[in-house]
Structure formats: C-alpha cells, structure tokens
2 protein chains.
Amino acid sequence: MDDQSRVRRPGGRSARVRAAVHKAVTELAAERGYGNFTVAEVAARAGVADTSIYRRWGNLEALAMDLAIDRLTSQSSMPDTGTLDGDLRAYAAKAAADVSGPDGLAFLRTILALLDTGEAGAQTRDRFLSERGEQIQRMLASAVARDEKVPEVLEVVDFILAPMYTRTLFGTGPLTAEYVDTLVDRLLTATNRPNHTG
Amino acid sequence: MDDQSRVRRPGGRSARVRAAVHKAVTELAAERGYGNFTVAEVAARAGVADTSIYRRWGNLEALAMDLAIDRLTSQSSMPDTGTLDGDLRAYAAKAAADVSGPDGLAFLRTILALLDTGEAGAQTRDRFLSERGEQIQRMLASAVARDEKVPEVLEVVDFILAPMYTRTLFGTGPLTAEYVDTLVDRLLTATNRPNHTG
C-alpha cells in the first residue's frame with residue numbers, strides 16, 4: 001500500500017487499529033480500573049502487536065489520554081437550537097447521557113487517575129480542560145452572536161458538570177431528566193439575575 | 001490492665017494506636033494513592049503489629065473507611081453564627097480548607113477508590129453520605145428553628161461541595177475565599193428566589 005492509497009482510506013487499517021485499541025482500553029478500564037492493566041493486555045484484547053501500540057502512542061498514559069480526548073471531541077458537534085435555553089438543555093442532556101453511560105464512570109475514573117501521573121498528568125489535564133472549554137465556548141457562540149447574556153465557561157462547569165460528576169463519582173443517584181433540567185434552570189437563573197456581573 | 005482502668009483511659013494506648021495507624025494511612029495515601037500500599041506497610045509505619053490492625057479493623061478497606069468517617073466527624077462541630085448566611089459561609093470555608101489541605105486530594109481519592117470496592121464500597125458510601133448529610137442538617141437546624149427558608153441538603157452538595165470537589169479532583173484552580181463566597185452567594189440566591197419550591 002503506497003502513501004496515496006493510505007491517504008485515500010481514512011477508514012482503513014490504521015483507523016481500525018485505533019478503534020480496536022480504544023475499545024480494548026475502555027473495556028479494561030471498566031472491568032479493572034485504570035492502572036490495573038498493561039499495554040500487553042490491551043494489545044492482546046485488541047488483536048494487535050504490542051509494538052504497534054508503543055510505536056503509535058509511546059505508553060499507556062498517552063494512549064489513555066488519546067482516548068479521553070477522542071471521546072470528548074467525538075461528541076463535539078454542539079447543539080444549535082436557536083436559543084441559549086435550548087442549547088444548554090441539549091448540552092446538559094448529552095453530558096448526562098455520556099457520564100451515565102455504561103463506561104461513563106470508568107471514563108471519569110481514568111481521567112482522574114491520569115491526572116495523578118506527574119508531568120504526563122498535567123498535560124492530560126491541560127488538553128482535557130482546554131478541549132472541554134472550547135466545546136462549551138462553541139455552544140455559547142451562537143447566543144453570544146445574538147447578543148444574549150451568556151454564562152461564563154466556569155459557571156457551566158460549576159452548575160452543570162460538577163454536580164453530575166459528583167453524583168456519578170459518589171454514586172449518589174441517577175442523573176434523571178428532571179434533575180438535569182434543574183441544573184440548567186439554576187444556571188439560567190444565575191445568568192439572568194439583575195446583579196449578575198458576568 | 002483490667003477493664004475498669006481501660007474505661008478510665010479514653011486517651012490511652014488504644015487511642016494512640018488508632019491515631020498512629022490513621023496517620024500512617026493518611027501519609028501512604030498521599031504518597032502513593034490508595035490501593036498502592038498494604039496492611040503490613042501501614043503497620044510498619046505506625047509501629048504496631050499487623051495483627052493489631054487485622055484484629056481491630058479486619059482489612060484495609062474497613063480501616064480506610066474508619067479513617068474517612070473519623071475525619072468527617074472530627075469536623076462536625078457545626079458553625080452557629082446566628083444567621084443562615086454566616087453559617088453557610090463558615091461551613092463552606094471549612095470544607096474548602098479541608099479539601100485544599102495537604103492531604104485533601106488524597107482523602108477525596110481514597111473515598112472514590114473505596115467506592116470502587118463492591119459491597120464494602122457501597123457500605124462506605126452509605127456511611128460517608130449519611131454522615132455528610134447529617135452534618136449539613138445540623139448546620140441548617142438553627143436556621144430551620146428560626147423559621148428561615150433553608151436549602152435542601154442536596155442543594156448544599158450541588159452548589160457548594162460539588163464545584164469544590166471537581167476543582168480539586170481536576171486540579172483546575174485554587175479554592176480562593178472569593179470563589180468560596182461566590183458558591184455560597186449562588187446557593188443563597190437560588191434558595192431565596194421567589195419561585196423556589198424547596
């Protein structure tokens with residue numbers, strides 16, 4: 001296969017390997033928790049050679065980070081319902097579905113475990129947070145263009161994501177549609193209150 | 001030493017062993033993360049026999065749980081400033097100091113790691129959450145007695161604790177006094193808004 005045919009096949013072998021490796025890491029993280037499996041085990045489950053993983057990602061931390069960013073960006077087509085209210089509700093519902101999904105808790109735990117790995121952890125955090133921040137900014141962009149009053153990115157995190165993460169991590173109750181709507185209501189109330197300085 | 005003298009000495013050997021073991025676990029959790037040390041290592045650092053730990057706590061999970069609950073309850077003398085506003089600010093400042101302290105992150109990580117340990121994890125969670133809930137109820141009790149409108153326990157968690165936990169776990173910025181006050185402002189605004197149903 002020459003370079004040209006490689007370029008012509010974005011869904012080819014390379015993408016299949018990546019998908020298989022990501023799937024293997026996701027499963028192992030859900031089964032055992034991040035930190036309790038090796039590159040060799042990922043390779044065996046994905047049906048690829050260890051060397052393919054080392055050549056492509058370098059180490060397990062970099063692979064897990066790639067997975068985390070991939071997961072975040074794969075959901076980055078942001079809602080555009082025509083109102084800030086609608087966009088926030090769509091964003092919150094999507095974030096809740098993601099965090100509550102079968103591997104949502106394992107994903108959160110993986111991110112947190114990665115943050116504990118020194119310099120690589122700091123890089124992971126920076127990439128993750130910058131990706132998440134840009135995602136939220138994209139969601140707010142159309143409301144900004146309509147000259148609507150919008151919340152700060154950190155307010156979206158505090159009001160919507162933080163309670164979802166905390167509920168999921170501590171296992172203190174399901175993220176029901178009603179609960180998710182309450183979180184959005186609180187953010188909108190805070191954003192629109194007269195003395196809001198944002 | 002007979003039973004009577006044991007009763008007379010609440011700060012005696014048993015309490016010293018407990019304190020030394022708790023200190024050893026706290027240090028090891030901060031240094032290596034929960035899950036990366038053994039009962040033997042705790043015993044060695046605390047200067048006690050392994051068997052003392054097994055006899056008293058049964059296993060490492062039970063020991064870590066005891067520590068978590070102890071830590072929570074040791075801070076359970078709740079503020080009583082005469083106003084809900086003052087009590088909430090004192091409570092939030094204390095929670096922030098605790099989470100930001102030298103072993104605050106290790107403590108949070110330990111709780112989360114414990115929650116991942118099956119049945120023992122579920123028991124830990126239930127004890128931790130029930131203790132935390134009672135702590136918050138105690139804080140709200142005097143405002144309730146004054147017939148003030150008070151937030152729900154889960155609102156205190158969502159507005160104040162969840163953003164603090166998320167910032168600390170993800171390492172996204174210090175819990176400054178200004179930030180902590182902002183969290184309380186948001187909760188009070190939500191509690192006092194006309195259409196609040198709580």
Side-chain angles (χ1 to χ4, degrees), chain A residues 29-36 105-106 108-109 111-117 121-122 124-126 128-130 132-133 151-173 179-180 182-183 185-198, chain B residues 29-36 105-106 108-109 111-117 121-122 124-126 128-130 132-133 151-173 179-180 182-183 185-198:
Chain A
E31 287 166 23
R32 304 188 200 166
Y34 183 79
N36 299 316
L105 179 57
L108 266 185
R109 287 180 186 279
I111 294 279
L112 294 176
L114 281 172
L115 298 185
D116 202 21
T117 54
T124 304
R125 181 190 57 214
D126 291 348
F128 177 79
L129 295 174
S130 112
R132 195 176 67 180
E152 310 276 338
V153 167
L154 285 179
E155 288 178 319
V156 175
V157 174
D158 283 352
F159 278 91
I160 294 183
L161 299 180
M164 288 185 189
Y165 292 163
T166 299
R167 283 217 165 184
T168 303
L169 286 169
F170 287 90
T172 51
Y179 177 67
V180 172
T182 301
L183 297 179
D185 291 341
R186 290 174 185 166
L187 174 60
L188 287 168
T189 303
T191 305
N192 290 313
R193 71 175 192 267
N195 62 341
H196 182 71
T197 56
Chain B
E31 286 166 26
R32 305 188 199 166
Y34 183 79
N36 299 314
L105 180 57
L108 265 185
R109 286 180 186 281
I111 292 280
L112 293 176
L114 281 172
L115 298 185
D116 202 21
T117 53
T124 304
R125 182 190 57 217
D126 291 347
F128 177 79
L129 295 174
S130 113
R132 196 175 67 182
E152 311 274 339
V153 167
L154 285 179
E155 289 177 318
V156 175
V157 174
D158 284 351
F159 278 92
I160 295 183
L161 298 180
M164 287 184 189
Y165 291 164
T166 299
R167 283 217 166 184
T168 304
L169 285 168
F170 287 90
T172 50
Y179 177 67
V180 172
T182 301
L183 297 179
D185 291 341
R186 290 176 185 165
L187 174 60
L188 287 168
T189 303
T191 305
N192 290 314
R193 69 175 193 268
N195 61 341
H196 182 70
T197 55

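Chain naming here is simple, since letters A, B, ... match the order of the sequence lines and numbering starts at 1 in each. What's counted below: heavy atoms across the whole structure, side chains too, no hydrogens, waters or symmetry copies.
The distance from atom CZ of A/Arg167 to atom CG of B/Leu154, rounded to the nearest 0.5 Å, is 5.5 Å. Taking OG1 of B/Thr166 as the reference point, atom CG of A/Leu161 lies at 8.0 Å (rounded to 0.5 Å).
The aromatic rings of B/Phe128 and A/Phe170 sit parallel, their planes meeting at an angle under 30°, below the 60° perpendicular limit.
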- request: Please report the C-alpha distance between A/Leu169 and B/Leu169 in whole Å, then the side-chain angles of each, then the deciding distance to 0.1 Å, and finally whether the side-chain contact (heavy atoms from CB on, under 4.5 Å) criterion is met.
  value: CA-CA 11 Å; A/Leu169 286 169; B/Leu169 285 168; 3.9 Å; yes
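In terms of the ring pair (Phe, Tyr, Trp, His ring centres under 6.0 Å) criterion, B/Tyr179 has no residue partners (sequence neighbours excluded).
Each salt bridge (charged side-chain N to carboxylate O under 4.0 Å, His left out) pair with one or both residues in residues 156-165 of chain B, not counting sequence neighbours, appears once here: A/Arg186-B/Asp158.
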